[in-house]
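Bear in mind the structure is a predicted one, so any value in this text is a computation, not a measurement. Remember, it's 1-based here, ligands and their atoms both numbered in the order they're listed.
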Amino acid sequence: MMRLPRFQYFAPRTVSDAAALLATHGPAAALVSGGTDLWPNMKRRQQTPTRVIGLRGVRELHGVSGAPSNGLTVGAMTTLTAVEHDAALAAAWPALGRAARLISTPPLRNMGTLGGNLCLDTRCNYWNQSFEWRQSIDFCLKRDGGTCWVAPGSERCWAVASSDTAPVLCAIGAEVTLVSIDGERRIPVRELFRDDGIEYLNKRSNEILTAIHVPAQDGSWRASYRKLRRRESFDFPVLGVAAAARIVGGVVAEARIFITGAGSKPHDAAAAAAVLVGKRVDDRDAVAEAAERAARIAKPLDNTDFALGWRKEMARHHVTAALADLA
Ligand SMILES: Cc1cc2nc3c(=O)[nH]c(=O)nc-3n(C[C@H](O)[C@H](O)[C@H](O)COP(=O)(O)OP(=O)(O)OC[C@H]3O[C@@H](n4cnc5c(N)ncnc54)[C@H](O)[C@@H]3O)c2cc1C
Ligand code: SF4
């Protein structure tokens with residue numbers, strides 16, 4: 001049985017108290033929301049904070065507010081189950097609920113939160129293992145070792161972005177609020193991620209992700225999410241495709257496609273999305289060209305599930321399917 005290491009637990013009641021605790025304890029501290037990622041990582045000694053700051057008691061971080069026509073704000077502590085079932089979110093952006101529903105299992109969705117999902121650690125076959133397993137290969141670049149076993153000549157870690165909601169929030173143009181003792185800032189979700197398996201977030205270590213802001217919906221935007229995984233019942237994505245398009249008079253006025261599971265951040269397939277603009281969303285040639293271009297930027301490495309070539313090929317199929325959903 002894997003046990004948690006010893007740590008001191010704090011239960012602040014307000015965001016400002018949580019931010020003060022984070023500032024006081026510095027890198028020795030970690031935030032925990034649902035704990036469905038942090039606790040297993042601590043059991044495997046991938047993360048070893050000696051202080052854990054729990055956000056569950058911070059009421060202002062829970063729930064959804066606003067209206068579809070003006071934009072909605074989702075508190076970072078809102079559970080994935082709540083995101084899946086929220087009527088206003090479903091009316092505005094059903095693809096977000098669909099992505100949440102495809103995460104893991106019901107018990108984990110009851111605990112896991114939207115904020116935690118965006119801050120989810122990157123994944124790799126050489127990383128998501130017990131301490132002893134990792135020790136037996138002399139660890140790796142991501143922690144305690146000097147070699148990346150996926151790309152031994154590489155000076156960077158290629159662990160993959162694995163959040164299902166992140167690509168959808170990028171595609172629909174959502175933003176997040178980050179709070180620290182120094183103040184507050186709001187950035188697009190697409191700018192939250194870095195193409196680095198170790199430092200995968202553009203978030204300062206003293207910042208708390210407090211809210212996710214989804215844009216207003218006037219009915220002209222449609223969005224979709226398609227996920228590839230081995231077991232439909234609960235696996236992480238080995239490929240995820242989110243597509244969103246603003247359609248005016250049957251013609252695409254704006255489009256965005258984001259691909260996850262094939263790099264350390266959700267990748268913006270902007271060149272693929274650009275092909276669709278000015279075309280009908282069901283234009284077969286445009287969809288085929290967009291799928292071809294999107295597959296070009298999906299460059300999976302041999303560090304998750306399935307054969308690389310097949311995953312790359314599946315990128316083409318999943319983009320085609322996601323665009324068919326929009327039509
Ligand atoms: C068996 C299993 C299957 C899973 N399958 C999937 C899947 O298919 N798709 C998927 O996307 N995920 C999956 N997950 C991962 C996880 O359950 C979800 O990503 C979940 O949403 C994480 O949210 P959480 O609140 O539990 O995060 P936590 O574990 O609490 O936190 C995750 C990370 O984010 C940091 N953090 C948490 N909240 C904040 C905040 N407000 N501000 C700043 N930092 C914060 C924590 O310090 C930690 O590093 C799976 C997990 C398991 C165990
Ligand atoms: S990509 Fe390389 S450095 Fe990163 S977790 Fe995997 S083996 Fe380790």
inquiry  = For Arg13, is there any backbone N or O sitting under 3.5 Å from a side-chain donor or acceptor partner on Asp17?
reply    = no
N/O to N/O below 3.5 Å, does that happen between [X] and ligand 1?
{"X": "Glu207", "value": "no"}
{"X": "Leu55", "value": "no"}
{"X": "Lys203", "value": "no"}
{"X": "Trp39", "value": "no"}
{"X": "Met111", "value": "no"}

remark   = When Arg190, Arg256, Arg293 are each screened for salt bridge (charged side-chain N to carboxylate O under 4.0 Å, His left out) with Asp268, the one that passes is Arg190
Atom indices of ligand 2 within 4.0 angstrom of Cys157 heavy atoms, with elements = 1 (S), 3 (S), 4 (Fe), 5 (S)
ask   = By number and element, which atoms of ligand 2 are closer than 4.0 Å to a non-hydrogen atom of Ala159?
value = 1 (S), 4 (Fe)
Would you mind checking which non-hydrogen protein atom is closest to [atom], with the distance to 0.1 Å?
{"atom": "atom 7 (S) of ligand 2", "value": "Trp149 N, 3.4 Å"}
{"atom": "atom 1 (S) of ligand 2", "value": "Trp158 N, 3.2 Å"}
{"atom": "atom 2 (Fe) of ligand 2", "value": "Cys148 SG, 2.3 Å"}

request  = Would you tell me which option among Ala100, Gly75, Gly116 has the nearest heavy-atom contact to atom 31 (O) of ligand 1?
outcome  = Gly116
message = Under 4.0 Å, heavy-atom basis, I'd like to know which part of Cys124 is in contact with ligand 2: side chain, backbone, both or neither.
response = side chain
task = Please find out if atom 4 (Fe) of ligand 2 and some N, O or S atom of Cys140 are separated by less than 2.8 Å.
result = no
remark   = Logged contact type for Pro40 with ligand 1, heavy-atom cut-off 4.0 Å, is neither
query = Counting only heavy atoms, which portion of Met77 has something under 4.0 Å from ligand 1: side chain, backbone, both, or neither?
reply = neither
